[in-house]
Amino acid sequence: MVKIYRHESLLGFFKGMSFPIASIAVVNSVLFGVYSNTLLVLTATSHQERRAQPPSYMHIFLAGCTGGFLQAYCLAPFDLIKVRLQNQTEPRAQPGSPPPRYQGPVHCAASIFREEGPRGLFRGAWALTLRDTPTVGIYFITYEGLCRQYTPEGQNPSSATVLVAGGFAGIASWVAATPLDVIKSRMQMDGLRRRVYQGMLDCMVSSIRQEGLGVFFRGVTINSARAFPVNAVTFLSYEYLLRWWG
Ligand SMILES: CN(C)C(=N)NCCC[C@H](N)C(=O)O
C-alpha cells in the first residue's frame with residue numbers, strides 16, 4: 001500500500017475500477033440468474049419452496065458450477081482490461097514524460113482489439129473458466145451449508161446469518177480460486193510485449209520453478225479481506241430481492 005501510494009498517489013488504489021463497476025451488474029445477474037434457473041430445472045422447486053424442500057448439495061454444486069462457467073465468459077473481457085490497467089504501474093502522466101500505454105478502459109479495449117484482434121479480448125478466458133467453474137460451486141455450497149446450520153428448519157435465514165454465510169462463502173471460494181487466479185492474471189499479461197508462456201501448463205510450471213509453490217497463494221489475504229464484505233452484501237441483496245419479487 002505504501003509503495004502504491006508513494007508511486008502513484010491515492011489514485012493508484014482506484015486503477016481499473018470503472019470497468020469492474022460497469023460489468024459487475026451484468027456478471028452477477030448472469031451468475032445468480034443461471035444458478036437459480038439451473039436449480040429450478042434440477043429440483044423443480046422455486047426459491048420460496050426451497051426452504052421447505054431444500055435441494056441436495058450435489059444439485060447446489062452443479063447449479064453453481066453452471067453459473068460459474070457461463071459468468072466467466074461474460075467476465076473475461078472486463079477482467080482482462082482491469083488486469084492490464086492495474087499492472088500498468090507508470091506514475092500518472094507528468095509534463096514531458098511519455099503517455100502510459102493504455103489511457104483508460106475504452107482505450108485499453110480498443111488497443112487490444114486493434115493489436116490482438118477480437119480473440120485478444122478473451123486472453124486468459126480458459127484459465128478464468130477453470131478458476132470460476134468449480135469455485136462458484138464451492139461458493140454456493142458454503143453459503144447454503146452455513147445458512148442451514150444456523151437457521152431453524154423451514155424458516156428463512158436471518159439477515160445476520162445471510163451476511164456471515166455470504167462473507168464466508170466469498171472467502172472459501174477465493175481461497176480455492178487463488179492458485180488459478182495467479183495463473184489467469186499472468187496469462188492475461190502475457191503477450192503485452194512478447195509471449196513468455198506457451199500455454200497455461202507452461203505458465204504454471206515456470207511460475208513454480210521460479211517462485212516455488214507459494215506463488216499459488218499470492219494475494220490470498222487481500223482477496224479474502226475483500227471477499228467477506230463484498231459477498232455478504234451480494235447475498236443479502238440476492239435474498240431480499242428474491243423475497244420481494246419472488
Ligand atoms: C473466482 N471466484 C472465487 C468467484 N467467482 N466466486 C464467486 C463470486 C465472487 C464475487 N463476485 C466476488 O467478486 O467476490
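One is the number of the first residue; the rest follow in order along the sequence. Numbering of ligands and ligand atoms starts at 1, following listing order.
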Can you confirm whether the side chains of T161 and S158 place a donor and an acceptor under 3.5 Å from each other? yes
Using every non-hydrogen atom in the two residues, find where P134 and C65 come nearest and quote the distance to one decimal. CA-SG, 4.1 Å
We want to know whether K82 and Q86 form a side-chain donor-acceptor pair, criterion being a heavy-atom distance below 3.5 angstrom. no
Checking a contact table here: which protein heavy atom is nearest atom 11 (N) of ligand 1, and how many Å away? N28 OD1, 4.0 Å
Among all the protein's non-hydrogen atoms, which is closest to atom 1 (C) of ligand 1, and how far away is it? D132 OD1, 3.0 Å
Which ligand 1 atoms, with their elements, are less than 4.0 angstrom from a heavy-atom of A177? 1 (C), 3 (C)
Quick one: is the NZ or CZ of R148 closer than 6.0 Å to the six-membered ring centre of Y57, and within 45° of its axis? yes
Going by the closest heavy atom to atom 8 (C) of ligand 1, which one wins out of F32, Y139, F140? Y139
Provide the closest heavy-atom pair for N223 versus D181 in the form atom of the first, atom of the second, distance. ND2-OD2, 4.0 Å
Can you list the atoms of ligand 1 that are under 4.0 Å from a heavy atom of Q71? 5 (N)
among protein heavy atoms, the one nearest atom 4 (C) of ligand 1 is V136 CG2, 4.0 Å
Has R119 got its NZ or CZ under 6.0 Å from the middle of the six-membered ring of F122, at an angle within 45 degrees of the ring axis? no
How about F235 and Y143: are their ring centres within less than 6.0 Å of each other? yes
Quick check on contacts: which atoms of ligand 1 are under 4.0 angstrom from a heavy atom of N231? 9 (C), 10 (C), 12 (C), 14 (O)
Proximal atoms of ligand 1 relative to S173 (non-hydrogen, under 4.0 Å): 3 (C), 6 (N)
Which of the atoms of ligand 1 are close to R131, meaning less than 4.0 Å from one of its heavy atoms? 1 (C)
For R226, the ligand 1 atoms with a heavy-atom partner under 4.0 Å come out as 12 (C), 13 (O), 14 (O)
